[in-house]
Structure formats: structure tokens, C-alpha cells
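Notes for the one structure printed next.
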Amino acid sequence: MGKRGGFPGGMGGFGGMNLNQLMKEAKKMQSDMEKSQEELGNMEFDTTAGGGAVYVKVTGNKVVKEIKIQKDVVDPDDVEMLQDLILTSVNEALRKVDDAQAAALGKYNIPGLM
């Protein structure tokens with residue numbers, strides 16, 4: 001009688017890799033990812049808008065640490081412009097964080113991670 005059922009190639013077809021080796025690799029990848037995330041969290045990203053009129057600094061954890069506004073850009077008759085400059089700076093700083101995360105964690109190529 002021939003073999004019926006089961007997995008071709010033995011243990012689930014892991015290409016000859018045994019389950020213990022696979023688990024070791026997964027744990028190492030998890031550890032490396034956690035280290036990368038911690039390093040990103042410790043980094044700071046900054047940007048400006050309006051030719052330096054507004055400066056924003058955020059952490060890799062997307063926490064706004066600092067906002068500086070030049071006095072000459074503060075116009076009580078044009079508050080909307082200042083709001084737009086702040087939004088632009090904050091969003092650009094957060095985009096930089098996203099780009100750094102994609103670069104650092106994208107090498108792990110895990111579907112659904114990002």
C-alpha cells in the first residue's frame with residue numbers, strides 16, 4: 001500500500017528545515033524587530049515649513065517634542081496661515097517617521113505588518 005495523506009517532504013514542507021530551527025529563526029526575527037523599533041523610538045525627526053517659520057520635532061514613537069514659531073509669522077489677522085504651517089510641519093515630520101519605519105522594518109517582509 002502506498003502512503004496516503006500527510007505532507008509532501010515530511011514536516012509540513014518547510015524545505016528541510018525542522019520545526020525547532022524555524023522557531024529559532026522566528027524568535028531571532030522578533031528580537032531583531034523589537035530592537036529596530038526601540039532604536040526608531042529613540043530617534044528624532046524634524047522639519048520646517050514656511051521657509052523656517054515653523055519648526056517641529058517628533059520622536060520615532062510619533063510624539064511631538066518641540067514646536068518653534070518665528071515671531072514674524074504670528075499675524076493675528078491671518079491665524080489660518082499659521083495653523084496651516086503647523087499642520088504641514090507636523091505631518092511632514094510624521095511622514096519622516098513612517099518612512100524610517102518602512103525602511104527599518106520593511107526588510108522583515110511580513111505580510112500585514114505595515
What are the two closest non-hydrogen atoms of [X] and [Y], and how far apart are they?
X	Y	answer
A93	F45	O-CB, 4.2 Å
L85	A53	CD1-CB, 4.4 Å
V56	S89	CG2-CB, 3.3 Å
A104	L40	CB-CD1, 3.9 Å

Would you say that [X] contacts [Y] through its side chain, given a criterion of any heavy-atom pair below 4.5 Å between the two side chains?
X	Y	value
M29	K24	no
V58	V97	yes
K62	D98	yes

Can you tell me how far [atom2] of [Y] sits from [atom1] of [X], rounded to the nearest 0.5 angstrom?
X	Y	atom1	atom2	result
D78	Q83	CG	CD	9.5 Å
T59	E66	OG1	CD	12.5 Å
L94	K96	CG	NZ	11.0 Å
Q37	N42	CD	CG	12.0 Å
Q70	L82	CD	CG	11.5 Å

- From the list K28, E34, K35, side chain to side chain contact (heavy atoms under 4.5 Å, CB included) partner of D32 resolves to K28
- Please answer whether the main-chain N or O of N20 pairs with a side-chain N or O of N18 as donor and acceptor at a distance below 3.5 Å. yes
- Query: Does CD belonging to E38 count more than 12 external heavy atoms closer than 6.0 Å?
  - Reply: no
- List for me each residue that meets side-chain contact (heavy atoms from CB on, under 4.5 Å) alongside D46, sequence neighbours excluded, and say none if there are none. Y55, K57
- Which residues, ordered by chain and number, are linked to L87 in its hydrophobic cluster, where ILVMFWY side chains connect at heavy-atom gaps below 4.5 Å, directly or through other members? none
- Between I69 and V74, is a side-chain contact (heavy atoms from CB on, under 4.5 Å) present by the stated rule, with each step listed? CA-CA 8 Å; I69 301 170; V74 180; 3.9 Å; yes
- Message: I'd like to know if M33 and M43 are part of one continuous hydrophobic network [Ile/Leu/Val/Met/Phe/Trp/Tyr, side-chain heavy atoms within less than 4.5 Å].
- Response: no
- Trace of the side-chain contact (heavy atoms from CB on, under 4.5 Å) decision for R95 with N91: CA-CA 6 Å; R95 186 197 58 75; N91 287 330; over 6 Å; no
